[in-house]
Protein chains: 2
Amino acid sequence: MNKSRWEEILAVSARLFREKGYRATTMDDIAYELNVTKPALYYYIKTKHDLLYAICESAVEQLIEGAKQIMAEEAGIEEKLRRLLAWHVSMFSANSDMTTVYLAEESELPEEKRKFIRSLSREYQDYYRQLLQQGIETGLFREMEVPMVVRAISGMCNWLFDWYRPDGKFSAEEIAGMFFDLVMRGCLKEQPERKPARAARKRNAAKV
Amino acid sequence: MNKSRWEEILAVSARLFREKGYRATTMDDIAYELNVTKPALYYYIKTKHDLLYAICESAVEQLIEGAKQIMAEEAGIEEKLRRLLAWHVSMFSANSDMTTVYLAEESELPEEKRKFIRSLSREYQDYYRQLLQQGIETGLFREMEVPMVVRAISGMCNWLFDWYRPDGKFSAEEIAGMFFDLVMRGCLKEQPERKPARAARKRNAAKV
DNA sequence: TATTGTTTACTTAACGTTCAGTAAGTATGA
DNA sequence: TCATACTTACTGAACGTTAAGTAAACAATA
């Protein structure tokens, strides 16, 4: 089964909204890329905002879906945090148009829809909050202002939209690894075990 | 001496661009808030883009100006990093309209001007880079991929535009303090001295 | 199997509004 | 009388959206 027309429209819209911005992209632009005329789009949507909304909703729901799965997996707090960060970063390589548009243009949504998207966004951030809180309670992490650390983590990940390029020096996995190092060390109560200094570190087996 | 008309225009424009977005703000909106008619604005500017450009340039130049001063001060690496972060965050409380517009709408600038602003932005980030590099060289910080850490720091600070409110729970200084804690611990080679608190630390006399 | 009706996926043409920008004129003060 | 700081009145283009129509595919019936 090939991609449905609706998904095609969303993919093209997301790409253009990302490249030129939501307001700067005209319905003609989108129609042109789909090889149809502008009014044809109105066979599928009621307004231009519908397109933006569908993109934002899809992005944040995918984020949440992934996070939900990770939280349900059997793993320690540290491992879950690692996976959550990796998932967050990987969304920028796998679905970069959608994710970027969601972060950069969400403010263009009409008030009502915008609020709903932001509530989903908070739901997503809550997974970070839970992990950090659990980490403090179990003595893994130092005492800290959890919501502020969540914002810091969200910030460093979301800011990917400003600089991430698929053809960049580092893969999504590598970026996530570096962010994880930074966050983990920043939150740990005790300093992590030093690695054997210069031993092979390709696949780390190091568990704490 | 009262604020010049030009500064007034920039301040009003920045506020509206922030509230409604650059594209959604009309020249009539700006003129209305200034109690003049639209063409009066064209006595001061040539195009709408001039307004956005002036705001972005002013924001990033103020950021750089502050960073330059901090870097020239007599202080250790750690203290300079603390001040740089505090300066970064404080721009969001002191000049939040301007700073937010610079981050959120810079992409609306025409290509040429946008490139210039982004080059200034890189200049600013370079101060973080220098400090981290020096920190590694002097043995204060662990080995790490400096540009990635700079991006993480920029991200957590810049993302303030998404959530910072002047009437929020924490002051700019407090936020900067928490960010500094997180970043500092994330970068240090050795764990920071625990405050004597009560008994001396149990573990962690082992330094590498 | 031919006829008729219905649905899908569009098209052409245009409407109505918005909005950046301009031309030309004017009040005020030095 | 000249510059400053506007005003009124307008232009031209862009753009979201709608109206009305249609070719092709499909379904129902006779």
Side-chain angles (χ1 to χ4, degrees), chain A residues 1-57 101 104-114 117, chain B residues 1-57 101 104-114 117:
Chain A
M1 187 155 92
N2 58 356
K3 202 158 72 162
S4 78
R5 202 74 223 257
W6 173 239
E7 277 158 11
E8 232 181 289
I9 292 171
L10 282 195
V12 166
S13 301
R15 202 187 78 235
L16 291 177
F17 288 169
R18 182 208 191 157
E19 281 169 15
K20 319 173 49 160
Y22 170 70
R23 293 246 177 191
T25 302
T26 69
M27 297 303 277
D28 273 323
D29 291 337
I30 297 167
Y32 178 81
E33 296 273 305
L34 289 161
N35 290 309
V36 293
T37 56
K38 179 170 57 169
L41 296 173
Y42 288 87
Y43 178 75
Y44 297 93
I45 56 161
K46 275 221 287 290
T47 71
K48 189 185 178 189
H49 279 129
D50 290 354
L51 287 172
L52 182 58
Y53 178 69
I55 291 163
C56 290
E57 197 195 21
V101 168
E105 307 284 358
E106 159 249 35
S107 62
E108 292 286 349
L109 284 171
E111 192 60 13
E112 193 83 351
K113 297 184 171 180
R114 189 177 172 222
I117 294 292
Chain B
M1 188 155 89
N2 59 354
K3 202 157 74 162
S4 79
R5 202 71 223 259
W6 174 239
E7 278 159 8
E8 233 179 290
I9 292 171
L10 283 194
V12 166
S13 301
R15 203 188 76 236
L16 291 177
F17 288 168
R18 181 205 190 158
E19 282 168 14
K20 320 173 50 160
Y22 170 71
R23 292 247 178 189
T25 303
T26 68
M27 298 302 277
D28 275 321
D29 290 337
I30 297 168
Y32 178 82
E33 295 275 304
L34 288 161
N35 290 311
V36 293
T37 57
K38 178 173 59 169
L41 296 173
Y42 287 87
Y43 179 76
Y44 296 93
I45 56 161
K46 274 222 287 290
T47 72
K48 190 186 177 187
H49 279 128
D50 289 356
L51 286 173
L52 182 58
Y53 179 69
I55 291 162
C56 291
E57 196 195 24
V101 169
E105 308 284 358
E106 160 249 34
S107 61
E108 292 286 349
L109 283 171
E111 193 59 15
E112 191 84 350
K113 294 184 173 179
R114 189 177 171 222
I117 295 291

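Chain letters run A, B, ... following the sequence lines, proteins first, then strands; residues in each count from 1.
Taking only side-chain nitrogens and oxygens, B/Y43 never comes nearer than 4.0 Å to OP1 or OP2 of D/dC6. Contact between the side-chain N/O atoms of B/R23 and the OP1/OP2 oxygens of C/dA20 is not found at any separation under 4.0 Å. At C/dC10, one or more side-chain N or O atoms of A/R5 fall inside 4.0 Å of OP1 or OP2 (strictly under the cut-off).
Rounded to whole Å, the distance from OH on A/Y42 to C1' on D/dG21 is 19 Å. Atom NZ in B/K48 sits roughly 15 Å away from atom P in C/dT18 (whole-Å rounding). Straight-line distance from the CG atom of B/D29 to the C1' atom of C/dA20: 13 Å, rounded to whole Å. A/D28 places its CG atom 13 Å from the C1' atom of D/dA13, with the value rounded to the nearest Å. Atom CD in B/E8 sits roughly 9 Å away from atom P in D/dC6 (whole-Å rounding). When rounded to the nearest whole Å, the span between NZ of A/K38 and C1' of D/dA20 equals 16 Å.
Comparing A/V36 and B/Y22 against DNA chain C, the residue whose closest nucleotide sits nearer the 5' end is A/V36.
Looking only at distances, a side-chain donor or acceptor of A/D50 sits under 3.5 Å from a matching main-chain atom of A/K46.
If you check every strand for non-hydrogen atoms under 4.0 Å, A/T37 touches a base.
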